[in-house]
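Since the structure comes first, as C-alpha cells, the remarks are kept for the end.
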Amino acid sequence: MNVLNVAEKPSVAKSVSAILSRNQGLRVREGRSRYNKIFEFNYTIRGQPCHMLFTSVTGHLMELEFQDRYRKWHSCDPADLYHAPINKSVPEDKKDIKRTLEEEARRCQWLVLWLDCDREGENIAFEVVDVCTAANPHLTIKRARFSALIDRELHQAVQNLVDPNKWFADAVDCRQEIDLRIGASFTRFQTMLMKDAFIIDTATDDRNLVLSYGPCQFPTLGFVVERYWEIQAHEPEEFWSINCSHRSDEGTANFNWMRGHLFDYTCAVIIYEMCIEEPTATVTNVRQQEKLKYPPHPLNTIELEKRASRYFRMSSEHTMKVAEELYQAGFISYPRTETDSFSSRTDLHTIVREQQGHPEWGVYAQRLLDPEAGLWRHPRGGGHDDNAHPPIHPTKFSPGESGWSQDHRKLYELVVRHFLACVSKPAVGAETTVEIDIAGELFSACGRVILEKNYLDVYQFESWGGSMIPTYTVGQQFIPTSLTLDSGVTRPPPLLSEADLLSCMDKEGIGTDATMHDHIKKLLDRFYATKDASTRFTPTNLGEALVMGYDDMGYKLWKPYLRAGMERDMKSISEGTKSKVEVLANILQQMKACFLDARLNKVKLLEAMAIFFERSNRSGSDELHATGEVVRRCGLCQESDMVLRKNRDGHFMVGCLGFPQCRNAVWLPGSVSEAVVTTNICNFCTPGPVYLIQFKFRQLEIPPNYSANHLGCIGGCDQILTELTEICGTGSRMQARNRGPTAPTSNVHNTNPRQGVCMNCQETGHSSHDCPLHSRNVRHHGTSQHSGEASVSCSSCGTPCLLRTANTANNRGRKFYSCQSQECNFFVWEDSLSNGTGGRNVTRSNSIPAASNPRRGGRAPRGRGGRNGSRTTNMTFVSATGEPISGRRCFVCGDPSHFANVCPNRGV
DNA sequence: GCAAGGTC
C-alpha cells in the first residue's frame with residue numbers, strides 16, 4: 001500500500017521521515033516545488049506493510065478571495081463585500097505544491113495528514129484533502145495526532161490514526177471570511193473617503209496610500225493611541241515626602257518614609273516639623289530574610305521578541321527574521337512556539353553538553369554539568385503549551401559563524417544563555433530591612449547582599465542590585481544625618497514600548513505568536529505610528545485621527561473587544577456548540593450594520609481628520625468650502641474675504657475663503673440657531689467695512705439676562721458676543737474633544753503644537769496658552785495646566801521643561817517647571833529660580849538653633865524616647881543651593897512666631 | 001490598492 005503523508009512544513013516532513021524510518025532506507029527526491037522535497041521509506045502500520053511518501057506544504061495552501069467582479073475597488077459598493085461571493089483557491093505561487101500533491105495522490109491509497117495540531121493546522125489539512133481527493137477520489141483520509149517530534153510520540157501517532165476534525169477547520173474558515181469581508185470593506189471605505197478629502201503628508205506617494213482597517217491591526221493601534229491620550233490627559237500633582245539618611249563608620253543608610261508620600265503640603269509639613277522637633281531615631285525592627293531571584297521560564301516566541309527588544313532594541317519583526325534564519329541553518333529550534341516548558345522527555349543535559357566548548361559561556365556549561373557544583377535545576381514551566389513545538393533552544397553549537405551579522409550573534413547568544421539560565425538554580429540574596437521611628441513616624445531602609453549569583457552568572461541581561469547598609473540593633477538610637485522634606489510631581493506613564501505592546505496583544509488575544517510582529521510592523525508601514533530609538537510608539541496624526549473618528553462615533557472598533565468576541569465564537573465552533581453558518585451570519589450581520597452606520601456618521605471621521613490635516617481641493621462636495629455671505633475682508637492674509645458659514649453639525653463660524661492657506665476664523669457661540677449677514681456696517685471696527693450679523697440664540701442655552709435676538713459684530717467690539725462665546729463655548733472641534741471616558745479631560749491635549757492656530761479655539765492671533773477660552777477652563781476645572789513654552793532645560797537630563805501652573809490648595813497660581821522627558825522627574829518652582837532655593841528634592845528643612853525658636857521652651861515633652869530637652873545635634877539643614885538655612889518660620893504663612901501645626905492659616 | 005493566518 002502506498003501512503004501519502006503531508007506535513008505543514010518541509011522541516012516536519014524531514015524530521016518525521018527520519019524518525020519513522022530510523023534513517024533506514026530513507027530516500028529523498030525533488031518535488032515540483034523547490035522547498036518541498038519528497039521522502040520515501042517503508043513502514044508497517046498495524047501489521048500492514050506500507051510504502052510511505054512524505055511531503056509537505058508551506059502553511060496554508062489556499063487563499064480566500066472575492067470573485068473577480070468584486071476585486072476592483074470601484075467595482076462595487078464596499079457594503080456589498082458583506083455578501084459578495086468568495087472563492088477559496090490555490091494561489092499562483094502555490095500551484096507547484098498543488099501539482100506535487102496531485103501527482104503523488106494518484107499513486108496512493110491512503111492520505112495521512114501530519115499538519116500542526118491546532119485550528120489552523122486542521123484547516124490546512126482540509127485544504128490538502130480537497131486537492132488530493134480531486135486528483136484521487138478513492139483515497140482513505142487519516143489524521144496523525146502528535147504533540148512533539150519525538151520517537152515514541154510519532155510511532156504512537158501513526159499506529160493510532162484518527163479522522164480530521166471538521167469543527168476545527170470550520171472555525172478557521174469562519175475567521176478567514178470575517179477578516180476578509182470586514183477588512184476589505186472598511187479599508188476601501190476609509191481610504192476612498194479620506195484620500196481625496198485631505199492632504200495627507202506621509203512619506204509615501206499619495207497614490208499608494210492605503211488606510212487599512214483590520215481586526216488585529218486596529219486594536220494594536222488602539223493600544224498605542226490610548227496610552228498616548230492617557231499621557232496627554234495627565235495632570236501633574238505635587239506630592240511631598242520625608243526622607244532620612246544616617247551616616248556612620250560602616251556607611252550610609254537611606255530611610256524612606258513608610259507613608260510613601262502625601263499630596264497635602266500642610267499635612268506633610270506638620271508631620272515634618274514634628275520630626276524636626278524630636279529628631280532622635282529609634283530602631284524598632286531589624287528583619288533578615290533570604291530572597292531568591294528565579295531564572296526566566298523557557299523561551300517562547302513572544303518572550304524572545306520582548307527580550308530582544310528590551311536587551312538589544314531589535315524590532316519584533318527583525319527578531320523573527322533573524323530567528324528564522326538561525327532555525328533554517330539548524331542552530332536554534334523552531335522559533336514560532338507558544339510552549340514555555342520542556343517536556344520531561346527532552347534531553348536537556350545533551351543540549352548543555354554541546355555548549356561546553358564556547359569561549360564565553362563554555363565554562364558555565366561545564367559547571368552546570370558538574371554534579372558537585374550543584375548548579376543544575378530542572379526548569380520551571382510557564383504553563384503554556386501549543387502541543388506542537390518545544391521552547392526555543394539551541395540545537396547546534398556555534399562559536400559564531402563567519403556569515404553571521406551582529407544580530408545573528410546576539411540572538412543566538414540570547415537563546416543559548418536563556419537556555420542555560422533556565423536549567424540553573426536561582427540567585428540567592430540576604431535582605432536586611434531596618435525600621436526606625438522618629439517622633440512617631442516610621443521609616444525603613446533596605447540592604448541586600450548577594451550570596452550566590454547562580455543563573456545570573458550566565459544571564460548577563462538581568463541584574464540584581466546589592467546595597468550595603470550599616471548594622472543596626474533594635475532599640476538603638478541615633479540622630480539622623482539629614483532629614484528632609486522633598487517634593488515631587490506625579491508623572492504620566494511612559495509611551496508603550498514594543499515589549500509593552502506585545503504584552504497588551506498577548507493579554508487581549510490580538511494576533512498569534514507568529515503574527516504579532518506583523519501587526520506591529522503594519523502600524524509603521526501604514527504611517528499610523530512611529531517608533532523612537534528606545535522602541536516606544538507614538539501615534540501619528542493619521543493614526544490618532546482614525547481612532548478619534550471611530551471613537552467619536554461611539555464605536556469601539558479600535559478596542560480589542562471585537563476580536564475577543566470573534567475568538568469566543570471561533571472556540572464555540574471548534575467545540576461544536578455553534579455552527580459555522582450560524583456564527584458567520586450573526587457576525588457579518590452585526591458588522592454590516594456597524595459599517596453602514598459608520599458610513600452614515602462619516603462626518604465624525606472627517607472632523608477628526610480635519611483637526612490634523614488640511615482639506616484638499618480635490619474634494620468638491622464639502623460644504624465647508626461652500627461660499628457664504630461676506631462679512632469683512634480678512635485682516636490676516638489681506639487677500640480673501642471672510643464669510644459666514646454653517647458647519648455640518650450646525651455651528652456657525654466666520655472663516656477666510658483663503659482656507660487652507662489662510663486659517664483665520666472666528667467661531668461663534670454654540671447657542672446661535674440662526675445668523676444672517678446684514679447690510680449694516682460697524683461704526684467702530686477697522687479695517688472696514690465689517691458687516692453686522694443678525695443673530696438668533698436658542699433661549700434655553702443663554703443666561704436669562706441676554707436677549708435671544710442680537711445684531712452683533714464679529715470685529716471685536718461686541719461685548720455681548722464675547723460674553724456669550726465665553727459662556728456657551730463655540731463649535732470649535734478642539735473643544736469637543738474634552739469629553740467622554742476615553743477622551744483626555746485636560747486641556748494639555750489642546751496645547752498640541754500641530755497647527756499654526758490656537759489649538760484651544762482654532763482662532764488665529766494668539767496661541768493656546770493665552771487663549772481666552774483656555775483661562776476660563778482653568779478656573780472651571782481647577783486643574784494644573786500647561787501654561788507656556790519651554791524656557792528652562794532640565795538640569796538632570798537636559799530636556800526642555802514645560803512651565804506649568806499649580807492649582808493645589810497651598811500653591812494655587814504658583815508656576816513650576818517640569819521636565820518633559822518620560823524618564824526624568826526634574827521639577828523646580830519658577831520663583832525658586834530667582835531666589836535660589838529651588839531644585840528637585842528642594843530641601844525645605846531648617847536648622848533649629850535653640851535661641852531662634854521662640855516656642856521651644858514652652859512645649860511640653862511628648863514622652864517619646866530620645867528627647868531630653870537640650871538639642872545639640874549634628875544635623876545639617878541646607879537649601880538646594882547648599883547655603884545653610886538659619887532661623888525658623890511657619891511653613892504655611894511664613895510667620896517666624898509660630899509653627900505650622902498651630903498656624904491660624906492652616907487649612908486655608 | 002484591502003484582512004489574518006500559515007510558511008520558505
Side-chain angles (χ1 to χ4, degrees), chain A residues 6-14 31 33-37 56-66 70-76 78 80-82 84 86 88 90-91 93-94 96-97 115-116 118-128 168-169 171-192 195 204-220 320-321 323-325 327-329 334-336 386 388-389 505 509-522 525-526 557 562-563 566-567 570 591 595:
Chain A
V6 184
E8 188 160 324
K9 42 194 160 260
S11 62
V12 172
K14 188 179 176 184
S33 148
R34 192 177 143 202
Y35 301 108
N36 306 84
K37 318 272 184 213
S56 56
V57 287
T58 49
H60 277 287
L61 185 59
M62 296 184 171
E63 266 182 20
L64 206 57
E65 252 306 350
F66 291 110
Y70 296 89
R71 294 235 187 129
K72 288 235 180 300
W73 279 41
H74 291 91
S75 65
C76 67
D80 294 345
L81 299 176
Y82 285 91
I86 46 176
K88 198 170 188 187
V90 179
D93 62 340
K94 298 278 176 77
D96 44 7
I97 299 180
L115 288 305
D116 291 359
D118 53 20
R119 288 207 303 245
E120 295 294 333
E122 213 63 25
N123 189 270
I124 299 170
F126 279 88
E127 294 174 357
V128 171
F168 269 45
V172 172
D173 278 340
C174 190
R175 175 197 60 70
Q176 287 178 339
E177 188 171 336
I178 292 167
D179 285 346
L180 176 66
R181 293 187 188 279
I182 297 176
S185 58
F186 272 92
T187 302
R188 289 185 193 184
F189 156 66
Q190 65 185 27
T191 306
M192 293 193 285
K195 233 168 89 168
T204 187
D205 183 344
D206 192 28
R207 283 165 302 181
N208 295 331
L209 185 71
V210 172
L211 308 190
S212 61
Y213 174 87
C216 285
Q217 53 176 274
F218 240 59
T220 308
M320 290 312 290
K321 185 171 173 287
E324 177 68 25
E325 284 164 9
Y327 159 68
Q328 294 290 344
Y334 190 67
R336 286 181 286 271
D386 60 14
H389 306 287
M505 296 170 75
I510 299 300
T512 67
D513 53 326
T515 60
M516 284 181 190
H517 65 270
D518 282 336
H519 303 309
I520 294 176
K521 184 164 182 288
K522 189 143 271 175
D525 291 345
R526 296 281 189 229
L557 290 172
L562 175 65
R563 193 71 188 173
M566 278 168 59
E567 191 55 40
M570 298 312 111
M591 284 311 297
F595 175 82

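Numbered from 1 within each chain, the chains take letters A, B, ... in sequence-line order. Predicted model only: the values in this text are computed from it and were never measured.
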Determine: side-chain N/O of [X] to OP1/OP2 of [N], distance under 4.0 Å, yes or no.
{"X": "A:Q217", "N": "B:dA4", "answer": "yes"}
{"X": "A:R563", "N": "B:dG5", "answer": "yes"}
{"X": "A:R188", "N": "B:dG1", "answer": "no"}
{"X": "A:R526", "N": "B:dA3", "answer": "yes"}
{"X": "A:T515", "N": "B:dG5", "answer": "yes"}
{"X": "A:K72", "N": "B:dC2", "answer": "no"}

Quick test of your reading of the model: are [X] and [Y] salt-bridged, counting only N-O distances below 4.0 Å?
{"X": "A:D96", "Y": "A:R34", "result": "no"}
{"X": "A:K94", "Y": "A:E63", "result": "no"}
{"X": "A:E325", "Y": "A:K321", "result": "yes"}

What nucleic acid atoms does [X] come within less than 4.0 Å of, heavy atoms only: base, sugar-phosphate, or nothing?
{"X": "A:D116", "result": "sugar-phosphate"}
{"X": "A:G59", "result": "base"}
{"X": "A:K321", "result": "nothing"}
{"X": "A:G121", "result": "nothing"}
{"X": "A:L64", "result": "base"}
{"X": "A:Y334", "result": "sugar-phosphate"}
{"X": "A:S56", "result": "nothing"}

As a test of reading the structure: which of [options] is closest to the side chain of [X], going by heavy atoms?
{"X": "A:I124", "options": "B:dA3, B:dG6, B:dG1", "result": "B:dG6"}
{"X": "A:L180", "options": "B:dC8, B:dA3, B:dG6", "result": "B:dA3"}
{"X": "A:P215", "options": "B:dT7, B:dA3, B:dC8", "result": "B:dA3"}
{"X": "A:S212", "options": "B:dG1, B:dA3, B:dC8", "result": "B:dA3"}
{"X": "A:H74", "options": "B:dA3, B:dG5, B:dG1", "result": "B:dG1"}

Nearest nucleotide by nearest heavy atom, which residue falls closer to the 5' end of DNA chain B, A:T187 or A:E120?
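Nearest-nucleotide comparison on DNA chain B picks A:T187.
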Between A:D513 and A:F66, who's closer to the 5' end of DNA chain B by nearest nucleotide?
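Per heavy-atom nearest nucleotide, the more 5' residue is A:F66.
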Figure out the CG/P separation between A:D179 and B:dC2, and round it to whole Å.
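Interatomic distance, CG of A:D179 to P of B:dC2: 15 Å.
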Looking only at atom types and distance, does a side-chain atom of A:E127 sit under 3.5 Å from a main-chain N or O of A:L61, one as donor and one as acceptor?
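Here the side-chain-to-backbone pair exists.
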List the atom of A:L557, the atom of A:M591, and the distance in Å for their closest heavy-atom pair.
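Closest approach of A:L557 to A:M591, heavy atoms only: CD2-CE, 4.0 Å.
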